[in-house]
There are 2 protein chains.
Amino acid sequence: MFSNSSKYALKAVLYLAVYSSESNKILAKNISEPINVPQAYIAKLLQELSRHNIVSSTRGPNGGFYINAQNREIPLIDIVSVIDGANRLNSCLLSVQNCNNEKPCPLHSFADPFRTDLINNLKKNTIGDMAKDIESGKSFLPL
Amino acid sequence: MFSNSSKYALKAVLYLAVYSSESNKILAKNISEPINVPQAYIAKLLQELSRHNIVSSTRGPNGGFYINAQNREIPLIDIVSVIDGANRLNSCLLSVQNCNNEKPCPLHSFADPFRTDLINNLKKNTIGDMAKDIESGKSFLPL
DNA sequence: ATTAAAACATGATATAAGTCATATTTAGGA
DNA sequence: TCCTAAATATGACTTATATCATGTTTTAAT
Ligand code: FES
Ligand code: FES
């Protein structure tokens, strides 16, 4: 579904959304442990996200990564698009090609509603939305 | 979601379900082209499935792979379990670990119902069921 | 029996995904 | 200004997945 890289990226971003702010930046190595991802790896992913303005960062002393108000409005789909490419989610369950509504494969009928709904949710829900769920105890960040 | 190998395996099995029978066995190399999978690769996958009694085969002249009445009753989930392992589908969207209903991750609420549904469908629907859909024109085998 | 056609078993290679290491640039503080 | 802490850029390494190749065993026909 998602690659490991996307999973890691999502976890890292949500972690930042909950625990960081413009005045409380977090070092890559300090994100690594709580989300259980090798630090050199998460650093690389965060750099990629930073380049696409999905997370914010400043370097030098007292630098680090953080999520600002603008980042908070970004939908989750942007994260997985940057890491996995835009249309990984559109691939047919039986083929490397894209899913095709006109010529549905045998699994299409019981897979497509799922995928469509998931994609819509990823477009609709922002980083901030998810952070709120975590803060209110409705959901949790897995290791 | 599924690995390419599982996709290929599913396609090959469904192809056999539609076009083969005990009296009409099909060679690995003749399955390869219509489902668009390298022949050495599909041969290997079919051998694995044969070892698990998901497809039938006989060797020697006039041999080949086929689906018999017993194979026809096998649910789709068995195919992907053999190729991808039993619990690839249960992994949490954000973690390599398994999905956990007691401590749902932020994506759980809009992913889990559908995944559960998908898994149930894979358990409920057999190879024969899918073949019937193809034969009746309700669905198609993708390249 | 001999031969040929096929699956079967095993392993080698290639490509992609994931992980690690190092050098460079930027920014803040002494 | 100089030093240090951090992100950044780039590339090397490792592991897993996907693909290919080769030899062996089984079966049926002659
Ligand atoms: S055509 Fe296969 S999932 Fe839609
Ligand atoms: S806990 Fe993440 S998908 Fe269920």
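Order of the sequence lines fixes the chain letters, A, B, ..., with proteins taken first and strands second; residue numbering starts at 1 for each chain.
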Rounded to 10 degrees, the angle between the two terminal axes of the helix from C:dA1-D:dT30 to C:dA30-D:dT1, each from five pairs: 10°
So if I take residues 7-34 of chain B and measure heavy-atom distances to DNA chain C, which residues fall below 4.0 Å? B:Ile26, B:Leu27, B:Ala28
Side-chain N or O of B:Ser57 versus OP1/OP2 of C:dC8: is the shortest distance under 4.0 Å? yes
Quick one: side chains of residues 74-83 of chain A, donor-acceptor pairs under 3.5 Å with protein atoms, not counting sequence neighbours, listed by atom name and distance.
from, atom 1, to, atom 2, distance (Å)
A:Ser81, OG, A:Ile77, O, 2.9

Would you mind reading off the distance between B:Gln47 atom CD and D:dA21 atom P, rounded to a whole angstrom? 16 Å
Between C:dT26 atom P and A:Phe65 atom CZ, what is the distance in whole Å? 16 Å
Per-nucleotide protein contact string for nucleotides 22-30 of chain D (B base, S sugar-phosphate only, - none; heavy atom under 4.0 Å): ---BBBBS-
I'd like to know whether NZ of A:Lys132 has more than 12 heavy-atom contacts from other residues, nucleotides or ligands below 6.0 angstrom. no
Determine, stepwise, if the pair B:Ser20 / B:Tyr15 fulfils side-chain hydrogen bond (donor to acceptor under 3.5 Å, both in side chains). CA-CA 8 Å; B:Ser20 80; B:Tyr15 183 84; over 6 Å; no
Rounded interatomic separation in angstrom, taking CG from A:Asn4 and C1' from C:dA16: 13 Å
Could you state the CG-P distance from A:Leu46 to D:dT8, rounded to the nearest angstrom? 9 Å
Any donor-acceptor N or O pair under 3.5 Å, side chains A:Lys7, B:Ser91: yes
Looking only at side-chain N and O atoms, does A:Ser23 offer a donor or acceptor that is under 3.5 Å from a partner on A:Tyr66? no
Taking all atoms of both residues into account, what is the closest heavy-atom pair of B:Phe2 and B:Leu122, and its distance? CZ-CD1, 4.0 Å
In this structure, CG of B:Leu46 is separated from CZ of B:Phe65 (nearest 0.5 Å) by 4.5 Å
A:Glu135, CD atom: more than 12 neighbouring heavy atoms under 6.0 Å: yes
Over 12 foreign heavy atoms within 6.0 Å of CZ, B:Phe140: yes
Check the distance between D:dT14's P and A:Tyr41's OH and give it to me in whole angstrom. 17 Å
Nearest to the B:Ser5 side chain among D:dA18, C:dC20, D:dT8, which nucleotide is it? D:dA18
Do B:Leu143 and B:Ile134 land in one hydrophobic cluster if side-chain heavy atoms of ILVMFWY residues count as linked below 4.5 Å? no
When rounded to whole Å, the CD1 to P distance for the pair A:Ile42 and D:dT8 reads 13 Å
Interatomic distance, B:Gln39 CD vs D:dA21 C1' [rounded to whole Å]: 10 Å
Are there any protein N/O atoms within less than 3.5 Å of an N/O atom in nucleotides 11-13 of chain C, and if so, which ones and at what distance?
from, atom 1, to, atom 2, distance (Å)
C:dG11, O6, B:Lys44, NZ, 2.3

Considering heavy-atom distances to DNA chain C, does B:Ser50 or A:Ala40 have its closest nucleotide positioned more toward the 5' end? B:Ser50
With a 3.5 Å cut-off and no angle check, do the side chains of A:Asn24 and A:Ser21 form a donor-acceptor pair? no
Once you round it to whole Å, what is the distance between P of C:dA9 and CG of B:Leu45? 14 Å
Pairs flagged by salt bridge (Lys or Arg N to Asp or Glu O under 4.0 Å) wherever residues 103-112 of chain B is involved - sequence neighbours left out: B:Asp112-B:Arg115
Between A:His108 and A:Leu94, is the side-chain contact (heavy atoms from CB on, under 4.5 Å) condition met? List the steps. CA-CA 9 Å; A:His108 183 89; A:Leu94 288 193; over 6 Å; no
Do A:Ser3 and A:Tyr8 get their side chains close enough for a donor-acceptor pair, meaning under 3.5 Å? no
Ranking B:Arg88 and A:Gly64 by the position along DNA chain D of their nearest nucleotide, the one closer to 5' is A:Gly64
